[in-house]
Amino acid sequence: MAVAAKRKLKSRPDEPTEAEVSAEKLIDLYRRMLLIRRFEEKAGQMYGMGLIGGFCHLYIGEEAVVTGAMAAVELGDTVITAYRDHGHMLACGMDPKGVMAELTGRRTGYSKGKGGSMHMFSREKNFFGGHGIVGACVPLGTGLGFAHRYRGNSRVSLTFLGDGAMNQGQVYESFNMAALWKLPVVYIIENNRYGMGTSVSRSSASPNLYGRGEPFGIPGEQIDGMNVLAVMAAVQEAVEHARSGKGPFILEMLTYRYRGHSMSDPAKYRSKDEVSRMRQEHDPIDQVRKRLVDGGFADENRLKAIDNEVKAQITEAADFAQQSLEPDPSELWTDVYGEVEA
Amino acid sequence: MVDVLMPALSPTMTEGKIAKWHKKVGDAVKAGDVLAEIETDKATMEFEAVDEGTLAEILAPEGSEHVAVNAPIARIAGEGEDAKLTVQPQRKAVAAETSTPTQSLPPRGGPSAGAVGGRGAAVETPAPAAAKVPSPPVAPTPRLERETEWSGPTTTMTVREALRDAMAEEMRRDDAVFLIGEEVAEYQGAYKVSQGLLEEFGARRVIDTPISEHGFAGLGVGAAMAGLRPIVEFMTWNFAMQATDHLINSAAKTRYMSGGQMSCPIVFRGPNGAASRVAAQHSQDYTSWYAHVPGLKVIAPYSAADHKGLLKAAIRDPNPVIFLENEILYGASFPVPNDPDWIVPIGRARVVRVGEHLTITAYSRMVEVAERAADMLASDGVSAEVIDLRTLRPLDVETVVESVKKTNRLVSIEEGWAFAGVGAEIASRIMEEAFDWLDAPPARVAGKDVPMPYAANLEHMTLPQAEDVVAAAKAVGYR
């Protein structure tokens, strides 16, 4: 039995299976990642200007994970994540204007300005948040999977979590129930190597996070999360597994955040060399850009045009987010309770 | 040309020092390049460019101190712009004391930062500090109609059976309703509340969980967010402390945090408070804990009819409901209306005994104590009005106020600790709304301020007894 379970675990960041995509799809993935990158840079700048308050966790460097994952799912599959969530919202197709306006706390934001960076949702896009407590989105995402199974609708729950959440007890309670009841949940661990300032090796007795489902019989794989096509292929396989009734799947995406944990993190716990090496050698967007150019799929002019389109989209979002009004004071008291339906 | 402004790099930073420039005038800059290192109140941080072009001008040279947040520190010329390249010679060019006119945004953490209408916001109100906090709506939750007094046929049944019937009826009515918890299915309920449900509804809808309160409470909340209507049974509420994060952070706050987009129709239920001789870790009344939280509804009924009618209302409610039962009451029998559509509205107290000399409020098993005390007082010529609160959030203050305006005296009973408890809240509301009608300070009868002891005599002393209520009644009556 142990041998059979072992065979289900794979670590293959260096020998990726990549999704086969058309040139247009690759260009589309490039555009989606760039949108997240530019959005986050703008959010960082607006935070610096005092237009965004509180906590603000940027996804810069990790764009390939959610972009590749969302390229592998179907309409109706649900997504839930923790608080480094702006990229997930954009990848789910939420409007950058509404996301940015929520960051600035305006009435046109996705949560009418009441949620902020960590608490946004879209029923329309099947995005279930945006959760500020480390690990909490894991049982919630397992519950989404439970609901899919209960309804018999063949949908899958993509449940994102960070490496830091992997030492939370509720994660293993969830793994146990998901495996026990064969729930259609794909757990995607975004291992950016640091839970705030503590590296995985300093926090985890067993650093192979993808193997943490093994005692429950959950297959796990470790993937190069900086390679969007490797992410896409792995998520396709995992989603297919979950959709076909075989139960949950764990994917550990090795990725990296270029910025600090939140805006006020000086990142003393890692060397500048480490950061610049990741940026120069593994940047997910540069990798795709190089592929596009080297393969002759897109020339510099086309890429420049995409850059400009994305930039215009972000400028529009930033303007919208600054020009929108703050919530009406009467909104203070709304949305605490829902009305009982007749 | 684009001004590069001094960034706020923490929620509290108002000014900083330019520790080092990584780019010099004339350098090409692209988004993501480190422009400078900035020393904040907490640390030295790298500051990256967002705009692209050529660094045309450095306004705050290396070493500039006390540079105010949002003061321009450099300028970047875009493509095709004619950049005049300069470095400002003087070191204190943009020091905070000489803040520039372009600095239109108030500093982070400044006096208006936390007020309604924050920094740089396009607010309608002229001055943020002048913005008035609106009063809460008169009734924060819609007033429900008073229940119709039932005059039809009834069946006498236990609280245990009433709860089971409520769940069964609602599960027949709506396929989205299911029961999940420890021992709810094959064992038929640790306290036999779910007897027969597995047989009728099957394993899809009556689900035994592992002993994982944190996990299955969160799973239930996730399922509710997806539109199902879970009934999550905690074997007792003592164990729900492991799951409290999901009850409050995930369930209660989600509707508000999502601007009304998300709904979490879920019922958490199970026995609450002291049972008998199970000591401190298994004997606690959590009512005031949950009643503290906006977004939750909190119910703690006494009679079987109320258990049934209120549980049905809770299951149909679109909000997370905390439903607090009591193990000792499970076996108590009461008449229950014979009607599957009979519902008790949430948020309504019930006057269970009309009186004129004082008002006694209670909930759950303490209603029994109140009635016993009222009997003892009656034999002494004192007529007590007894109110079964039934719902603690939203609290039916109106019914208590009406009663106190008549009796002018109040005694509240609760099994839990007095500190910041239900009685404290009621006393406060009565002083706010019926101060002039009071003839004596309200009195609280509550569990003693100790962890529940095991020894029978000490346990008895810890819990409110009818004699304690009589003594409190005499005190407020100056007898």
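Chain letters run A, B, ... following the sequence lines, proteins first, then strands; residues in each count from 1.
The two residues B/Y256 and A/L332 have their closest heavy-atom pair at OH-O, 2.8 Å. A pairwise comparison of heavy atoms in B/V50 and A/E41 identifies CG2-O, 3.4 Å as the closest pair. The minimum heavy-atom distance linking A/P266 with B/T44 is given by the pair CB-O, 3.6 Å. Summarising the geometry of A/R38 relative to B/A31, their closest heavy-atom pair is NH1-CB, 3.9 Å, with the distance given to 0.1 Å. Across all non-hydrogen atoms, the minimal contact from A/N176 to B/P210 is ND2-CG, 3.6 Å.
The part of A/E331 that comes within reach of chain B is its backbone (N, CA, C, O), which places non-hydrogen atoms under 4.5 angstrom from that chain. Neither the backbone nor the side chain of A/R149 comes within contact range of chain B; no heavy atom of the residue lies under 4.5 Å from a heavy atom of that chain. Interface remark: A/I133 contributes side-chain atoms only to the contact with chain B (heavy atom separation under 4.5 Å). Only the backbone of A/D265 comes within less than 4.5 Å of a heavy atom in chain B; its side chain stays farther off. Contact annotation for A/L183: only side-chain heavy atoms (C-beta onward) come within less than 4.5 Å of a heavy atom of chain B. Looking at B/I207, only its side chain comes within 4.5 Å of chain A, counting heavy atoms on both sides. At a 4.5 Å heavy-atom cutoff, the contact between A/M177 and chain B is made by side-chain atoms alone. Looking at A/T334, only its backbone comes within 4.5 Å of chain B, counting heavy atoms on both sides. Of the two parts of B/D175, the backbone and the side chain both hold a non-hydrogen atom closer than 4.5 Å to a non-hydrogen atom of chain A. Of the two parts of B/A49, neither the backbone nor the side chain holds a non-hydrogen atom closer than 4.5 Å to a non-hydrogen atom of chain A. With a 4.5 Å cut-off on non-hydrogen atoms, B/I180 touches chain A through its side chain but not through its backbone. Looking at A/R279, only its side chain comes within 4.5 Å of chain B, counting heavy atoms on both sides.
Each of B/D245, B/I211, B/D51 has some count of heavy-atom pairs under 4.5 Å with chain A, and the biggest count is that of B/D245. Looking only at heavy-atom pairs under 4.5 Å with chain B, the residue among A/S174, A/S330, A/A267, A/A147 that has the most is A/A147. Top candidate by heavy-atom pairs under 4.5 Å with chain B, chosen from A/G129, A/G115, A/A136, is A/A136. Between chain B and the residues A/M120, A/M118, A/R151, A/E102, the most heavy-atom pairs under 4.5 angstrom are made by A/R151. Top candidate by heavy-atom pairs under 4.5 Å with chain A, chosen from B/S258, B/G260, B/S250, is B/S258. Counting heavy-atom pairs under 4.5 Å between each of A/K311, A/R123, A/H148, A/M263 and chain B puts A/R123 at the top. Annotation: maximal heavy-atom pairing with chain A below 4.5 Å, among B/A217, B/G220, B/P7, occurs at B/P7.
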Before you tell me yes or no, could you show the steps for A/L140 and B/H246 under side chain to side chain contact (heavy atoms under 4.5 Å, CB included), namely the whole-Å CA-CA distance, both residues' side-chain angles and the distance that decides it to 0.1 Å?
CA-CA 9 Å; A/L140 297 174; B/H246 283 297; 4.0 Å; yes

Between B/E37 and A/K272, is the salt bridge (Lys or Arg N to Asp or Glu O under 4.0 Å) condition met? List the steps.
CA-CA 13 Å; B/E37 283 177 33; A/K272 285 185 179 168; 3.3 Å; yes

Any chance you could lay out the ring pair (Phe, Tyr, Trp, His ring centres under 6.0 Å) test for A/F146 and B/F216, step after step, and finish with the verdict?
CA-CA 11 Å; A/F146 178 93; B/F216 71 71; over 10 Å; no

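Of the inter-residue distances, the one linking B/E213 atom CD with A/Q170 atom CD reads 13.0 Å to the nearest 0.5 angstrom. Atom OG1 of B/T209 sits about 6.0 Å away from atom CH2 of A/W181, to the nearest 0.5 Å. Distance check, rounded to the nearest 0.5 Å: NE2 of A/H131 to CG of B/N249 gives 10.5 Å. Here NE2 of A/H119 is found 8.0 Å from NZ of B/K253. Values are rounded to the nearest 0.5 Å. Separating the NE2 atom in B/H214 from the OH atom in A/Y172 is a distance of 14.0 Å, to the nearest 0.5 Å. Once rounded to the nearest 0.5 Å, the distance linking CZ of A/F128 with CE of B/M262 reads 5.0 Å.
One N or O on the side chain of B/Q261 and one on the backbone of A/F121 form a donor-acceptor pair closer than 3.5 Å. No donor-acceptor pair closer than 3.5 Å links the side chain of B/N319 to the backbone N or O of A/Y337. A donor-acceptor pair is defined here as one N or O able to donate and one able to accept, closer than 3.5 Å; no such pair exists between the side chain of B/R316 and the backbone of A/V340. Checking side-chain atoms of A/S111 against main-chain N and O of B/M257 turns up a donor-acceptor pair under 3.5 Å.
Enclosure of atom CZ in B/F239 by more than 12 non-hydrogen atoms of other residues, nucleotides or ligands within 6.0 angstrom is indicated.
Side-chain contact between A/P329 and B/P134 is present, with heavy atoms from C-beta onward closer than 4.5 Å. A/E173 has its side chain out of reach of B/L219: every pair of non-hydrogen atoms, C-beta onward, lies at least 4.5 Å apart.
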